[in-house]
Amino acid sequence: MSDQEAAPAAPEAAPSVAQPAPAAEPAPAPATEAAPPAPEPAAPAPAPSAPEPKKPKGPSPGQPVNLTVDDVNDNSVTLTWDAPEQVGPKGLDGYLVEYCKDGTEDWVAANEKPFLSTRYVIRNLTSGDKLHIRIKSVKGDGISEPAVLDQPLLIREILGFRNVRNCDPGILGLCRHYS
């Protein structure tokens, strides 16, 4: 019978071990408290990526000014603008012209690479479309805030509109009288 008594003694030892186990359970709770410091190092990792996009904004040029429509017809629009007030000593790389149909956010680049002229003709447009148009200055990796037209522009032939820039004022001064 001593063997049977020894058997119950072993289960009594097991409950003794079970009591330290609950003491071990509070130990994982501090481990859970130690887990928040691990996410803290993860949080600074996104912070360095956020300043990186801001670096190109530092050397960005000023935005173009006085954006105007010089001419519009049923398939093109001619735009003019002035250079930004702040260009910097090295000047600009050029301008980007973009447009999108009214009611969408699908901006289309009118030119493939920056150009230096402050006049641009967007061609092959569809008559009847209403377009939002914007111009951005480019300098190195920096791109300015856009200059935008106040309202969408309706692409259509404007009857009676005379483009003064294309008129020769030396011909009897007719452009001044009939424009």
Side-chain angles (χ1 to χ4, degrees), residues 40-179:
E40 288 176 18
S49 64
E52 289 177 29
K54 292 180 183 178
K55 288 180 183 177
K57 291 184 180 180
S60 357
Q63 71 185 49
V65 293
N66 301 324
L67 174 59
T68 58
V69 174
D70 192 44
D71 187 24
V72 64
N73 61 42
D74 60 344
N75 65 2
S76 70
V77 60
T78 304
L79 307 164
T80 59
W81 61 92
D82 294 328
E85 294 175 4
Q86 297 178 355
V87 175
K90 294 185 180 179
L92 293 175
D93 292 337
Y95 301 97
L96 296 176
V97 178
E98 299 175 322
Y99 63 93
C100 76
K101 290 184 180 181
D102 192 32
T104 72
E105 292 294 323
D106 299 329
W107 289 94
V108 176
N111 54 310
E112 293 180 17
K113 59 183 181 177
F115 63 94
L116 289 172
S117 175
T118 56
R119 183 175 190 274
Y120 191 80
V121 179
I122 305 174
R123 301 182 190 281
N124 302 320
L125 299 174
T126 304
S127 183
D129 281 352
K130 280 188 172 182
L131 301 179
H132 294 271
I133 300 174
R134 65 186 183 189
I135 313 290
K136 297 177 182 179
S137 301
V138 178
K139 180 178 181 181
D141 291 337
I143 298 177
S144 74
E145 291 293 318
V148 296
L149 292 176
D150 293 336
Q151 298 179 2
L153 178 67
L154 179 61
I155 304 302
R156 67 182 176 97
E157 186 72 37
I158 300 176
L159 300 176
F161 180 77
R162 295 192 50 124
N163 187 346
V164 177
R165 288 187 179 202
N166 291 334
C167 185
D168 182 3
I171 302 176
L172 303 173
L174 293 178
C175 293
R176 293 182 186 173
H177 297 290
Y178 294 102
S179 57

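Under the 4.5 Å side-chain criterion, counting only non-hydrogen atoms from C-beta, V69 is in contact with L153.
Atom-to-atom distance recorded for I155:CD1 and S76:OG is 8.0 Å, nearest 0.5 angstrom. Atom OG1 in T78 sits 5.0 Å away from atom CZ in R119 (nearest 0.5 Å). How far CD of E98 is from CZ of R134: 4.0 Å, rounded to the nearest 0.5 Å. Note: K139 NZ to D93 CG = 8.5 Å, rounded to the nearest 0.5 Å. Atom CG of L96 and atom CH2 of W107 lie 12.5 Å apart (nearest 0.5 Å). A distance of 11.5 Å separates CG in D150 from OG1 in T68, rounded to the nearest 0.5 Å.
Note on residues 113-151: pairs passing ring-ring contact (aromatic ring centres under 6.0 Å, His included), not counting sequence neighbours, are F115-Y120.
In this view, V108 and Y99 satisfy the side chain to side chain contact (heavy atoms under 4.5 Å, CB included) rule, not counting sequence neighbours. With sequence neighbours left out, the side chain to side chain contact (heavy atoms under 4.5 Å, CB included) criterion links P84 to V87, L92, Y95, S137.
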Verdict with reasoning, D129 to K101, per salt bridge (Lys or Arg N to Asp or Glu O under 4.0 Å):
CA-CA 7 Å; D129 281 352; K101 290 184 180 181; 3.7 Å; yes
Under the side chain to side chain contact (heavy atoms under 4.5 Å, CB included) criterion, do L79 and D70 qualify, and how do the steps go?
CA-CA 5 Å; L79 307 164; D70 192 44; over 6 Å; no
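Counting all heavy atoms, side chain and backbone alike, K130 lies closest to P152 at CB-CB, 4.2 Å. In terms of heavy-atom proximity, V72 sits nearest to L154 at CG2-O, 3.9 Å. Nearest heavy-atom pair across A110 and I122 is CB-CG1, 4.1 Å.
The side-chain contact (heavy atoms from CB on, under 4.5 Å) with L149 is formed by just one residue from the set L131, L67, I135, V77; it is L67.
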